[in-house]
Amino acid sequence: MILVTGATGTVGGATARRLAATGERVRVLVRDPDGAAANCLAATGAEIRQGDHGDPPSLRSAMRDVRSLLMVNPDPLRPAHDEALVAAARQSGVTHLVKLSVGGAGDPLARDAVTRAHRLGEELVRSSGLSWTLLRPRAFMSNALQWRRAIRRGEVVRVWPPDAPATPVDPRDVAAVAALVVSAPGHAGRTYVLTGSELLTARDQVRSLGDALGTVVSFAPLTRAQAARAWAERHPKAVVTALLERGDRQIARGTCRVGPAVHRLLGRESNTFSRWARDHAHLF
Ligand SMILES: NC(=O)c1ccc[n+]([C@@H]2O[C@H](COP(=O)([O-])OP(=O)(O)OC[C@H]3O[C@@H](n4cnc5c(N)ncnc54)[C@H](OP(=O)(O)O)[C@@H]3O)[C@@H](O)[C@H]2O)c1
């Protein structure tokens, strides 16, 4: 049995669906088992278990008979959740842990709170005494959904940094890798940096979205200070600082190397942003 957490979310959900479609016995940990997302997962054949990363007994109960665990901790400012997942895995006889981390975790220049918290989680996984695999994806292409409201209203999409290249990755590729390494042998003790196959700026992404939507989407750069003010309306201070520092690293070209892992593991190129945009045009 494989347990997937964060399964009503982007990567966990796609991973659970892939595993169920290939006939794996898969269980998902969800906070609301009666919600629409849990019902969709149940329809794929996944077994639904109620639980919360902040509730250790619920984790131990969900991990009964589980051999392999995909840990998705969406709130990296709560490293206690990684700690609870690793402790429950050890107590329940889980043998293999896969942690969804962040691309910056291996970059010594990345010292923001989100990256530091993921590093702590990685260290817990590595020192658990269990077999483990770490996944370090770069920014998800699906982050472009944050522009949906402006695009739908015909407003200008405003972004900082506008012209710094990065290697965003399709979360479906992240899920395909996660499904592979959580179910098949040969990945113990490995750390995979997951990137897209091309260098792209935010300006490129907005242009590509316009092509997929058959329209011109207006784009305007924000300054760093304007971005900080906009993010402060939606995120706690530590996350705003982390986003600013990630932007600074992007400008310094610290996040712009295309890595080989997705291609090596999946035997094909990682998805392009234009493919992601075409496949998700209906959401805009
Ligand atoms: N976005 C990026 O560009 C990016 C890049 C690299 C790495 N990452 C990492 O990817 C992870 C997020 O993955 P994602 O985008 O697939 O997640 P997501 O779509 O934000 O979904 C979050 C999931 O976690 C569940 N959840 C939230 N709090 C929980 C709790 N206390 N106990 C149990 N489950 C809980 C949510 O369930 P409910 O339905 O109950 O809310 C949901 O299923 C984070 O660790 C992030 O740092 C993100």
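Atoms within each ligand, like the ligands themselves, are counted from 1 in listed order. Because the structure is predicted, anything quoted here is derived from the model rather than measured. Heavy-atom basis, side chains included; hydrogens, waters and symmetry copies ignored.
- Heavy-atom distances between Arg136 and ligand 1 stay at or above 4.0 Å for every pair.
- Residue Val114 is not grouped with residue Val193 when hydrophobic side chains (ILVMFWY) are merged at heavy-atom distances under 4.5 angstrom, including chains of intermediate members.
- The distance criterion of under 3.5 Å between nitrogen or oxygen atoms is not met by Asp32 with respect to ligand 1.
- Checking Ser58, Pro74, Gly103 against atom 20 (O) of ligand 1, the nearest heavy atom belongs to Pro74.
- The shell of residues lying under 4.0 angstrom from ligand 1, judged by heavy atoms, includes Asp52.
- The N/O atoms of Arg246, backbone and side chain alike, include none that comes under 3.5 Å of an N/O atom in ligand 1.
- Looking only at heavy atoms of the protein, atom 41 (O) of ligand 1 is closest to Arg31 NH2, 2.8 Å.
- Under a 4.0 angstrom heavy-atom cut-off, Pro137 registers as being in contact with ligand 1.
- Contact annotation: for Asn73 versus ligand 1, heavy atoms closer than 4.0 Å belong to the backbone alone.
- Contacts with ligand 1 closer than 4.0 Å are made by backbone heavy atoms (N, CA, C, O) of Ala7 only, the side chain lying farther away.
- Residue Ser101 touches ligand 1 through its backbone alone, judged by heavy-atom distances below 4.0 Å.
- Counting protein heavy atoms only, atom 38 (P) of ligand 1 is closest to Thr8 OG1, 3.4 Å.
- Comparing heavy-atom distances from atom 14 (P) of ligand 1 across Val4, Val239, Leu59, Thr10 singles out Thr10 as nearest.
- Ionic pairing of Glu123 and Arg126 is present here: one or more N-O contacts between side-chain nitrogen and carboxylate oxygen are shorter than 4.0 angstrom.
- For the pair Phe140 and ligand 1, the shortest N or O to N or O distance falls below 3.5 Å.
- Thr44 places no side-chain N or O within donor-acceptor distance of the main-chain N or O of Arg17, the cut-off being under 3.5 Å.
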> Would Asp173 and Arg268 count as a salt bridge (charged side-chain N to carboxylate O under 4.0 Å, His left out) if you check the C-alpha gap in whole Å, the side-chain angles of each, and the deciding distance to 0.1 Å?
Replying inline: CA-CA 10 Å; Asp173 285 343; Arg268 60 163 174 80; 2.8 Å; yes
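- The two residues Val72 and His53 make their nearest non-hydrogen contact at O-CE1, 3.1 Å.
- Counting protein heavy atoms only, atom 10 (O) of ligand 1 is closest to Leu100 CD2, 3.4 Å.
- No salt bridge links Arg275 with Asp170; every basic N to acidic carboxylate O contact stays at or beyond 4.0 Å.
- In the vicinity of His118, heavy-atom distances shorter than 4.0 Å reach the ligand 1 atoms 45 (O), 46 (C), 47 (O).
- Looking from atom 21 (O) of ligand 1 to the surrounding protein, the closest heavy atom is Gly9 CA, 3.3 Å.
- Contact detail for Met141 and Phe273: the closest heavy-atom pair is CE-N, 3.6 Å.
- In this structure a side-chain-to-backbone donor-acceptor pair under 3.5 Å is missing from Arg148 to Phe284.
- A salt bridge links Arg249 with Asp112: at least one charged nitrogen is closer than 4.0 Å to a carboxylate oxygen.
- Summarising the geometry of Ser197 relative to Thr272, their closest heavy-atom pair is OG-CG2, 4.3 Å, with the distance given to 0.1 Å.
- Electrostatic pairing of Asp65 and Arg25 does not count as a salt bridge here, judged by no charged N lying under 4.0 Å from a carboxylate O.
- Remark: the backbone N or O of Arg18 is paired with a side-chain donor or acceptor of Thr22 at under 3.5 angstrom.
- Ligand 1 places these atoms under 4.0 Å from at least one heavy atom of His81: 31 (N).
- At a 4.0 Å heavy-atom cut-off, ligand 1 touches Arg138 through the backbone alone.
- In this structure, atom 23 (C) of ligand 1 lies nearest to the protein heavy atom Gly6 CA, 3.6 Å.
- Thr201 and Asp204 share a side-chain donor-acceptor pair at under 3.5 Å.
- The protein heavy atom nearest to atom 32 (N) of ligand 1 is His53 N, 2.8 Å.
- Looking at every heavy atom in both residues, Gly106 comes nearest to Arg136 through CA-NH1, 3.2 Å.
- Residue contact annotation: Val102 has a non-hydrogen atom under 4.0 Å from ligand 1.
- Close contacts of ligand 1 with Val11, meaning ligand atoms under 4.0 Å from a residue heavy atom, involve 16 (O).
- Of the protein's non-hydrogen atoms, the one nearest atom 13 (O) of ligand 1 is Val72 CG1, 3.7 Å.
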